[in-house]
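Structure record follows, encoded as structure tokens.
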There are 2 protein chains.
Amino acid sequence: MSAGKPESQKKKKYLTPQRRAILNALESVVTHPSADVIYEMVRKELPIISMGTVYRNLEQMATEGMILRLDGGGQKRYDGNSTPHLHFRCLCCNAMIDLPMNPHDDIQKIVQTLTDFEIKSYEVIFTGLCPECKLTKKKEQTA
Amino acid sequence: MSAGKPESQKKKKYLTPQRRAILNALESVVTHPSADVIYEMVRKELPIISMGTVYRNLEQMATEGMILRLDGGGQKRYDGNSTPHLHFRCLCCNAMIDLPMNPHDDIQKIVQTLTDFEIKSYEVIFTGLCPECKLTKKKEQTA
DNA sequence: ATGAGAATAGTAATCATTCCTAAATTGTAA
DNA sequence: TTACAATTTAGGAATGATTACTATTCTCAT
Ligand SMILES: [Mn+2]
Ligand SMILES: [Mn+2]
Ligand SMILES: [Zn+2]
Ligand SMILES: [Zn+2]
């Protein structure tokens, strides 16, 4: 009769140096690094870690909700800050930057009350030119 | 002195049957097909079209703003409706569905007035379970 | 009709991500 | 401690989506 927790939550997790290092790396930066950048960061501490391990742990942590996995245009990007916030992606320098403002009202609740979808999360990504690239382009034009 | 239009707008575009067929296919559906699905749709009409042509035209049309290119989890998805609207992606059946409501206020203008970013577009994607998959999962639990 | 520029089909190449497996590590319970 | 089963790892192979390349064909302003 009682359903019990879903399979995914039952499996026990081992805490490995690799996992710890990956989370550390991610939490130490305000950028939104892709898997290969994280790999290079962690390699400073654990020189023989493998990409598979990086991907596997990032995937796990994202599923558990400790971190966010974002669409970075090409590669996926990861975010150590799992609280809901807005993102901006620069089409020029490809940076992914946090926007200094809160998600508008509680858009998730609004959508939830109006529809039958079961919303687990949401993602808002603005795209365009970051302030620096905007300036750069302007200078190019007048040149 | 006058800057003129940016390079990207100067190049003249030829209207080919392939391009027409791709746009047709995209505008004939309310789903958000990936490139390979569009390829199969267009192949009914133009049996020898190649994937490269599909990708190239989708990319061009997205850059011109005629269509939208969305992150579909794995593959990219394309949307014949280029007016801003909200999307929902089902984690179970992987469908990408338009939400029947308008983008909240004019969030783009709000962000634009508060920051120095030059915003070209934005994308809001909710993820979770669509009504059908929600039901399916519920039935599985009681079984 | 012509010709310069643009687009195409077909194929090869790239690149991110996932899959595989034998060996090593982790947590636990004697 | 030691012993053991479950979990994780490194490394490399495999996959899958997308892009790059190129000889040929097409488009359209003249
Ligand atoms: Mn962030
Ligand atoms: Mn849509
Ligand atoms: Zn930039
Ligand atoms: Zn579904």
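To find a chain, count down the sequence lines: A is the first, B the second, and so on, and within it residues start at 1.
- Legend: salt bridge (Lys or Arg N to Asp or Glu O under 4.0 Å) pairs involving residues 31-54 of chain A, not counting sequence neighbours, sorted by first then second residue: A:Glu40-A:Arg43.
- Atom CG of B:Asn57 is separated from atom C1' of D:dT27 by 14 Å (rounded to the nearest Å).
- Applying the salt bridge (Lys or Arg N to Asp or Glu O under 4.0 Å) test to every pair with at least one member in residues 46-61 of chain B, sequence neighbours left out, gives these pairs: B:Glu59-B:Arg69.
- One interatomic measurement links the two molecules: CD of A:Gln18 to C1' of C:dT26, which rounds to 11 Å at whole-angstrom precision.
- The nearest whole Å value for the distance from the CG atom in B:Leu46 to the C1' atom in D:dC26 is 14 Å.
- Remark: B:Asp106 engages B:Lys109 in a salt bridge (charged side-chain N to carboxylate O under 4.0 Å, His left out) (not counting sequence neighbours).
- When the P atom of C:dA7 is taken as reference, atom CE of B:Met61 falls 12 Å away, rounded to whole Å.
- Contact record, A:Cys90 with A:Cys93: SG-N, 3.5 Å, taken as the closest heavy-atom pair.
- Sequence neighbours left out, the pairs with a member in residues 77-101 of chain A that pass side-chain hydrogen bond (donor to acceptor under 3.5 Å, both in side chains) are A:His32-A:Asp79, A:His32-A:His87, A:His32-A:Asp98, A:Asp79-A:His85, A:Asp79-A:His87, A:Asn81-A:Thr83, A:His85-A:His87, A:His85-A:Asp98, A:His87-A:Asp98.
- In this entry the distance linking CG of A:Leu58 with C1' of C:dA16 reads 13 Å, nearest Å.
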Residues A:Phe117, B:Phe88; criterion ring-ring contact (aromatic ring centres under 6.0 Å, His included); working and verdict: CA-CA 8 Å; A:Phe117 296 89; B:Phe88 179 91; 4.3 Å; yes
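- Within 4.0 Å of B:Pro17, counting heavy atoms only, lie sugar-phosphate atoms of the nucleic acid but no base atom.
- Distance B:Ile49 CD1 to C:dA7 C1': 11 Å, rounded to the nearest Å.
- The hydrophobic cluster containing B:Val37 also includes B:Val29, B:Met41, under a criterion of side-chain heavy atoms closer than 4.5 Å among ILVMFWY residues, counted directly or through chains of members.
- Residues meeting the ring-ring contact (aromatic ring centres under 6.0 Å, His included) test with A:Tyr39, sequence neighbours left out: none.
- If you take CD of A:Glu64 and C1' of D:dT7, they are 13 Å apart, rounded to a whole angstrom.
- Applying the side-chain hydrogen bond (donor to acceptor under 3.5 Å, both in side chains) rule to pairs touching residues 122-131 of chain A yields A:Thr127-B:Ser121, sequence neighbours excluded.
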Please list each protein N or O that sits under 3.5 Å from an N or O in nucleotides 17-19 of chain C, with the distance.
{"residue": "C:dT17", "atom": "OP1", "partner": "A:Lys76", "partner atom": "N", "Å": "2.8"}
{"residue": "C:dT17", "atom": "OP2", "partner": "A:Tyr55", "partner atom": "OH", "Å": "2.4"}
{"residue": "C:dT17", "atom": "O5'", "partner": "A:Tyr55", "partner atom": "OH", "Å": "3.3"}

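- Distance B:Gln60 CD to D:dT18 C1': 16 Å, rounded to the nearest Å.
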Show each protein N/O and nucleotides 28-30 of chain D N/O combination with a separation under 3.5 Å, one pair to a line.
{"residue": "D:dC28", "atom": "OP1", "partner": "B:Leu15", "partner atom": "N", "Å": "3.2"}

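- For the salt bridge (Lys or Arg N to Asp or Glu O under 4.0 Å) condition, the pairs that include at least one residue of residues 19-35 of chain A, sequence neighbours left out, are A:Arg19-A:Glu64.
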Under the 3.5 Å Watson-Crick or G-U criterion, the dot-bracket string of DNA chain D, with | for inter-strand pairs: ||||||||||||||||||||||||||||||
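- Taking only side-chain nitrogens and oxygens, B:Thr53 comes nearer than 4.0 Å to OP1 or OP2 of C:dA9.
- In this view, B:Lys138 satisfies the side chain to side chain contact (heavy atoms under 4.5 Å, CB included) rule with no residue, not counting sequence neighbours.
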